[in-house]
Amino acid sequence: MIPKPIVITTKLPSTSITPLKISSIRTEENPQTNALKTTPTTTQKNLELTLKNANGTKPETIPVTALIFNAFDNIINNFIDPPIKPSVDPRHVLSQNFAPVLNELSPTECQVIKGTLPPSLNGAYIRNGSNPQFLPRGPYHLFDGDGMLHAVKISNGKATLSSRYVKTYKYKIENQAGYPLIPNFFSGFNTLIATAARGSITAARVLTGQFNPSNGIGTANTSLARFGNRLFALGESDLPYEIKLTSNGDIQTLGRYDFNGKLLMSMTAHPKIDADTGECFAFRYGLVPPFLTYFRFDSNGVKIPDVPVFSMTKPTFLHDFAITKKYAVFGDIQIGMNLLEMFFGGSPIGSDPSKISRIGILPRYANDESKMKWLDVPGFNNLHAINAWDEEDGKTVTLIAPNILSVEHTMERLELIHMVVEKVSINIETGIVTRKPLSKRNLDLGVINNEYIGKRNRYVYAAVGNPTPKFAGVVKIDVLMGEEVGCRMYGEGCYGGEPFFVGREEGSGDEDDGYLVSYIHDEKKGESRFIVMDAKTAELEIVAEVKLPRRVPYGFHGLFVKESDLINGGSC
């Protein structure tokens, strides 16, 4: 039976939330190539951080000014703004498999321990995530770490794994210095005194030439995208970083990319690529007007001029959006950016319970915002958007997205939030919005067959939070029927992340004829695996399982790039 539509608001499903277990940070790793300049040591009670290079000796001579700034940093981290809250305490945030791997990994052969890797997977699955180069000396949020890419390259049934940092400007100058230079955005500004203190030291570092913020301060730790025959690592606080895979599966950072000087500021980590036209649609958000700016790229990667949206009147944490063949769909949600809040002990990003959430509809090829329409949708807060399309009546847009319940916990207590995937119908002419939940489970990181982006699709695959940000399995949802039609739980002590759908080249051409790929980690055995699931089956049957040569930490978003696309942009 298809559930009856719910107008405007949704009844909260009953949930059972398990507290997040806090354990010591795991840092033991086998030595690999390109060892970092830090050698952290860990006990069950605390973290003792030492600045050492790969051979265990002290770093090269540090300028007197840098020593002074580092001393002030230590005072701030230990006395002015110590990591008291669990959400910014490294012992909590970097526990279990959230702990970083401390060395890069050159391409290393993997063992297929179950089934066989199908020919459709010739290519590479690359996943981005937060992996701090230096274990934090003060407050640290899960979103603050340096970007590290983990790539499984598959060729003729064989697989190799490589793990490389995105060589951002921030990574390179800090790696060369041997210590952090740029403060963490999500955790570094928690009180007025801390903000003033860290801001002063940052300004002093800039004035003394320790780093130049005009070269970018982003981490490129969130996702990946391929368009205009280029492959990018993305983080929404900076420009994209172009990367490529070598023929043996290694990852190289080519550099920060500004599209021939046409992209001067940051860009979303969730651009949308239309598979039919090859166009890429994107946006950026900020702290000053315009709080939202929309733009696009043609099929050759040429950027089209910005469309500033001044009708978004407050700075919103606009992490994702959706496109249809006619529109771009934005969420003006209750999570916003408030610089005043951090002066009183809060995060620069937080919830505003007094705000009424809105959905904005802008023509996809708009040259200005004159035809932008905003519709109130109380209680709808989506950080991610799964897909959207135009209905045949010509006046309705359907959006599929997870709605965050208990939005006040989004930044501070991720383990307390619950996300319900909803089907949202938006009548552009009347302004009426109806919503229907598609599952009671706590679901996020939903994906589809990317050939259907912007078009009506039937199947969604989403990760099961247990609790967020740990994911214990994946479910398959039939959007047409409004119910789950498939499920795979990873087993006790095993957790994964975002699945990614790869179509079966030799298959029937059905929307769900393909594979789901993902990394999972067995916390009991301390082993990580790459798994391939049959996306068409109700059990999401595992058709291949690859044992990885070392641990892969939990991360964010990934991308599968076919071998033909690696040759044509993205590989040697």
Taking [X] for its side chain and [Y] for its backbone only, find out whether a donor-acceptor pair lies under 3.5 Å.
{"X": "Asn122", "Y": "Glu563", "value": "no"}
{"X": "Asp238", "Y": "Gly218", "value": "yes"}
{"X": "Tyr294", "Y": "Arg364", "value": "yes"}

| field | Residues Arg127, Glu498: salt bridge by 4.0 Å N-O rule | value |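 No.
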| task | Run the salt-bridge test on Lys272 and Asp320 with the 4.0 Å N-O cut-off and return the result as yes or no. | result |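 The answer is yes: the pair qualifies as a salt bridge.
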Please say whether the positively charged group of [X], taken as NZ for Lys or CZ for Arg, lies over the ring of [Y], i.e. under 6.0 angstrom from the six-membered ring centre and within 45 degrees of the axis.
{"X": "Lys303", "Y": "Phe295", "answer": "yes"}
{"X": "Lys314", "Y": "Phe291", "answer": "no"}
{"X": "Lys455", "Y": "Tyr452", "answer": "yes"}
{"X": "Arg504", "Y": "Tyr515", "answer": "yes"}

Please work out which of the three classes, parallel, tilted or perpendicular, describes the rings of [Y] and [X], given edges at 30° and 60°.
{"X": "Phe297", "Y": "Phe227", "result": "tilted"}
{"X": "Phe232", "Y": "Tyr257", "result": "tilted"}
{"X": "Tyr365", "Y": "Phe281", "result": "perpendicular"}

| said: Measuring from atom CG of Leu559 to atom CG of Leu231, what distance do you get when rounded to the nearest 0.5 angstrom? | reply: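 Spacing of CG (Leu559) from CG (Leu231) equals 6.5 Å.
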| query | What about the rings of Tyr519 and Tyr125, do their centers lie closer together than 6.0 Å? | reply |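 So the answer is yes for these two rings.
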